[in-house]
Amino acid sequence: MIKFLDLQKINEEYSKELREAFDRVFKSGWFISGTEVTNFETAFAAYCGSKYCIGVANGLDALILSLKALGIGKGDEVIVPSNTYIASWLAITYVGAMPIAVEPRIDTYNINPLLIEEKITPATKAIMPVNLYGQAAELDKIVCIAKKYSLFVVEDNAQAQGANCNGILTGNWGHINATSFYPGKNLGALGDAGAVTTNNEELADLVRTTGNYGSQKKYFNKIKGVNSRLDELQAAFLSVKLKRIEAETIKRQFVASLYNKLLKDVGDIILPVLAEGCTSVYHLYIIRTKKRDALQQHLTNAGISTVIHYPIPPHLQEAYSELNQSKGSYPIAEEIAETCISLPISPIITEAEISTIVNCIKSFF
Ligand SMILES: *Cc1c(COP(=O)(O)O)cnc(C)c1O
């Protein structure tokens, strides 16, 4: 049996330090808005190279609070990839704005910068690039377009902590950026958690205040906020895991390079491609084939779990039936959804497991 992602085994590597972190917070009796959160925020901001980091409850909240801080709402349009996890779209519709989908490049799966300008209207307020599957979007080009049209940029960096475009890390390109520490993400908490990163002090203050009931001083509320905070326990766990993220990224990149080498010219398999100047931290390792469903069944029969990221693009989800998008509206996103399959990748996967997976794929073709 090869699991898609063995979180038990991944977290076991950190067992001693995670238990120490738990004991420290448990003994302190202080669970919300304390030194653990402040320490993690400082460390994560430094890791991204951004000035401010604000811990929040999860990645979706990080996106929503980012859009709210920019004043985006009803009547506004936000450009977003047609190929993404639905959370990117949900944040936009949650604040009352309209998601305007732009197709990805069929080779990199990230938003195609060449198709953005034609979608800009007087109502466009922001571009939300998603660093999908761990690869930085072509953020340099996207920021250029945003500057030309005076638009905001909000990175959805839930999947690509540590990736870079032209040497500048993700989470640091937009006016404000959101990330997720969902347990399965590259930097995963032991529960829900997320963060906003920015170099703008005013936006940072606004996110922090909004996520804390709209209050800067207890029981004095400046604005109608929400409760969306990173808690002390999760922050303590994340501080433990942040120390090794770099080493884990290198391991993920090694696994990807091994897959790339071993799966080259096997059947009709299409391997992942990096855009010029962009790196990937391989949150996911995606291959594509016309025989996707049969290949997945073949791997399942051999005890190898795989996942489809994602089987239905947002525009075809029932949740967005009001948009009246039929099949064929975003053919590239649909093509990816129909042909992609994620192979197991993690910092603890062994070369023996990779060779089992590769041999199983070869036996299928
Ligand atoms: C995981 C994810 C989110 C949402 O993060 P949560 O912490 O699960 O709310 C948003 N966008 C993308 C691209 C994601 O992968």
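Just follow the structure's listing: the first ligand is 1, and inside any ligand the first atom is 1. Just so it is clear, the model here is predicted, and its values are computed rather than measured.
No hydrogens or angles considered: nothing links the side chains of Ser28 and Arg24 as a donor-acceptor pair under 3.5 Å. Side-chain N/O atoms of Asp268 and Thr289 include a donor and acceptor closer than 3.5 Å. Between the side chains of Asn186 and Glu248, not a single donor N or O lies within less than 3.5 Å of an accepting N or O.
Classified by interplanar angle (parallel below 30°, tilted 30° to 60°, perpendicular above 60°), the ring pair Phe40/Phe44 is parallel.
Remark: Lys241 qualifies as a cation-pi partner of Tyr14 under the 6.0 Å distance and 45° angle criteria applied to the six-membered ring.
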Note down each nitrogen or oxygen pair, ligand 1 side and protein side, whose separation is under 3.5 Å; give only atom names and the distance to 0.1 Å.
unit_1: ligand 1; atom_1: 5 (O); unit_2: Ser180; atom_2: OG; d: 3.2
unit_1: ligand 1; atom_1: 7 (O); unit_2: Gly59; atom_2: N; d: 2.7
unit_1: ligand 1; atom_1: 7 (O); unit_2: Ser180; atom_2: OG; d: 2.7
unit_1: ligand 1; atom_1: 9 (O); unit_2: Gly59; atom_2: N; d: 3.2
unit_1: ligand 1; atom_1: 9 (O); unit_2: Leu60; atom_2: N; d: 2.9
unit_1: ligand 1; atom_1: 11 (N); unit_2: Asp156; atom_2: OD1; d: 3.2
unit_1: ligand 1; atom_1: 11 (N); unit_2: Asp156; atom_2: OD2; d: 2.7
unit_1: ligand 1; atom_1: 15 (O); unit_2: Gln159; atom_2: NE2; d: 2.7
unit_1: ligand 1; atom_1: 15 (O); unit_2: Lys185; atom_2: NZ; d: 3.2

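Judged purely by atom type and a 3.5 angstrom limit, Asp231 has no side-chain atom pairing as donor or acceptor with the backbone of Ile32.
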